[in-house]
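Scroll down for the structure; my scribbles are underneath it.
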Amino acid sequence: MDEKIPNMDYDADEVINEFKEKIKWPKSDEVTAIVKPTKLPLRLLISFLITAVVGGIAYYMMLPALNFKDTQMYLFLILLVVVFMLSFALVCRANKKIERKEYVKKKSLIPLIIVGVLVVVMAVGYLTGVTLFRAKSYSELLSISDGNFESDFKDISYDKVPRLDASRAIALADQQLGSLEQYKSQYVVSDNSTQINYKNTPCRVAYLQYADFFKWMNNTKNGTPAYMLIDLVSQKVTAVNCVDKFGEGIKYSPAELFNEKLIRHLRFQYPTELLDTPNFEIDDNMHPYWITAVLDKTIGLYGGTDVKGAIITDALTGESKYYDIETVKNDKNLNWIDVVYSESLLIEQYNYHGKLQNGFWNSIIFQNDVNIASTGSGNIAMDDDVWVFTGVTSAETDTSNFGFILINQRTKEARYYKSPGTTELSAQESATDAVQNYGYQATFPILLGIDGNPTYFMSLYGDSNTVKGYAFVSLKDKTVVGTGLLDTAKSDAKALNNAIENYIDALKEKGVADNVDKSNVIVDESKINESNNSDITDDKNNNNTNDTNNTDTETTTKPSKETAKGTITGKVEDIKTSVNDGNSVYYLKVDGKYYYINVGDCMEVMLVNKGDTVEITTDGGKGTFIKAKNITVK
């Protein structure tokens, strides 16, 4: 056996370094040859195919307008260049062979130049549209004329203005939808609603969304079957069944996925147009449409956003037609359209006008005649159109207004009213403070003229999102407040009139207005009730509309025989609730008929459960819905 010990006299570091020298990746300046990959046409074709697939997916998701005024298009083109270069490098195996890596780098010059050109165009386009250089152009985006408050507001009565704001209107619509068996659990009411004038009545319309992805899978073939119409004056909510009324559901909406998703459907129809967020509206026949403003950038490449036209899309069939903005403004057949210019765009354009009318540097340093819209804005129905209103205040303070502006959302007509006073938020706080012992909150105010006096009108709400009363606050003096509460007045009409009477008394007491004649202002309560009980959905073609809030309207079932005056005893088969004129109403189904009563008239009805035996006192009546005087659990 050889017991000779091996020679261990060597340097381990030296051996490792020699090994590294043999396998190391050469530096680019050590490469003496740049090798062109074999089968180059095939590699280019594969790279183009990869880019096309990735680009198609990206376009389907991003939906950029093929328009040089859309920044999304530049990002999309840069993405295509990057994807092509990465795929080309991988196909050429540049990550494996240094000589091919150098070849790919050399051929990347042209794509890099393309990206550089796109970035330069974007930068130049932005610089040509900054307010520093184009202040005058921005200030002229909106033309403003002086309005006459007394003549413009004389026909707006406080009993015809919205009692519900957007969030509470949706809350009532959601409550109504939940009471309808055919829609239960499948759909929810969208948070996005549009204020419109329907039959000269301020309303909100909201489309339905699928409750979740699985509900979408189960129902998307037929689309959503209905939409919600909320009367902002009477507070009645109607689920308009499109399937029964028009023969098909709403198949194109933001609630859909893939090609039926509204914005994707519009992009494929109008690939080059800059599209604003679509608004949901209905025509005079209650047919649902989407109104999408087509935008233009009028200053530089990306500045001076304005509307150049509108696309009207049938929500049922997806058919679309484009109209230029002058046609929308002047064609009487399109007068049913209420919202083309978004509220945010109109406020933005007014702020440009108020800040930049005397130049950019004046808006920063001297601030002579600089003003902006105050915090918050609302809507007024006037001249059968919807107008945005907001106060005008200085750039440095928001505690008082110089005046206020009205801007038409269909025509962009703008009117300025010089009337200094309190801001909308301050008025809202004053109304809330006036009923702080009740814990009620005031909605964002609506501007009215009370016998020529600018006045803020607000509804008062409790925790249940139901109207509890009304408040009026003077624009000139926020301490002048008049309130009327349903708890004490016992009716919506009386609460309104109580509020206006208290407000007029406060005006005279504070000396803000001494010559207000109550007889010119107080409205006949029977007319208010008649207005609140009217159904805006009544027409010859509307037999399939669901409206469980309208307790005076018979349903499409056969009317029952006349019920004798007296008491009825029976088992409760079903219970429904709604909000009518600000009051919670319970409907108890007994022997196939619904007996309804306000909670304020009978608190015991809140304790009734399905299956209970109840004794109902009525004054008689006929139809499916019968008014009850009292309900007692047996």
Is it the case that Thr220 and Glu256 place a side-chain donor and acceptor less than 3.5 Å from each other?
-> yes

Side chains of Gln186 and Asn219: do they bring a donor and an acceptor to under 3.5 Å?
-> yes

Between Ser320 and Gln269, is any side-chain donor less than 3.5 angstrom from a side-chain acceptor?
-> yes

Please confirm whether Phe472 and Tyr456 have ring centers closer than 6.0 angstrom.
-> no

What class does the angle between the rings of Phe149 and Phe404 fall in, given that below 30° is parallel, 30 to 60° is tilted and above 60° is perpendicular?
-> perpendicular

Within the 6.0 Å centroid threshold, strictly below: Tyr470 and Tyr158 | no

Verify the distance criterion only: is there a donor paired with an acceptor across the side chains of Gln349 and Lys412 at less than 3.5 Å?
-> yes

Looking only at side chains, do Arg415 and Ser145 share a donor and an acceptor under 3.5 Å apart?
-> no

Whether Tyr302 and Tyr74 hold their rings parallel, tilted or perpendicular, with breakpoints at 30° and 60° | perpendicular

Is the closest side-chain donor-acceptor distance between Asn351 and Tyr138 under 3.5 Å?
-> no

Assign the ring pair His265 / Tyr252 to parallel, tilted or perpendicular, where the plane angle (0 to 90°) is split at 30° and 60°.
-> tilted

Any luck finding a side-chain donor-acceptor pair between Thr317 and Lys251 under 3.5 Å?
-> no

Check the side chains of Asn408 and Asp385 for a donor-acceptor pair under 3.5 angstrom, ignoring hydrogens and angles.
-> yes

Have Asp283 and Tyr198 got a donor and an acceptor in their side chains that come within less than 3.5 Å?
-> no

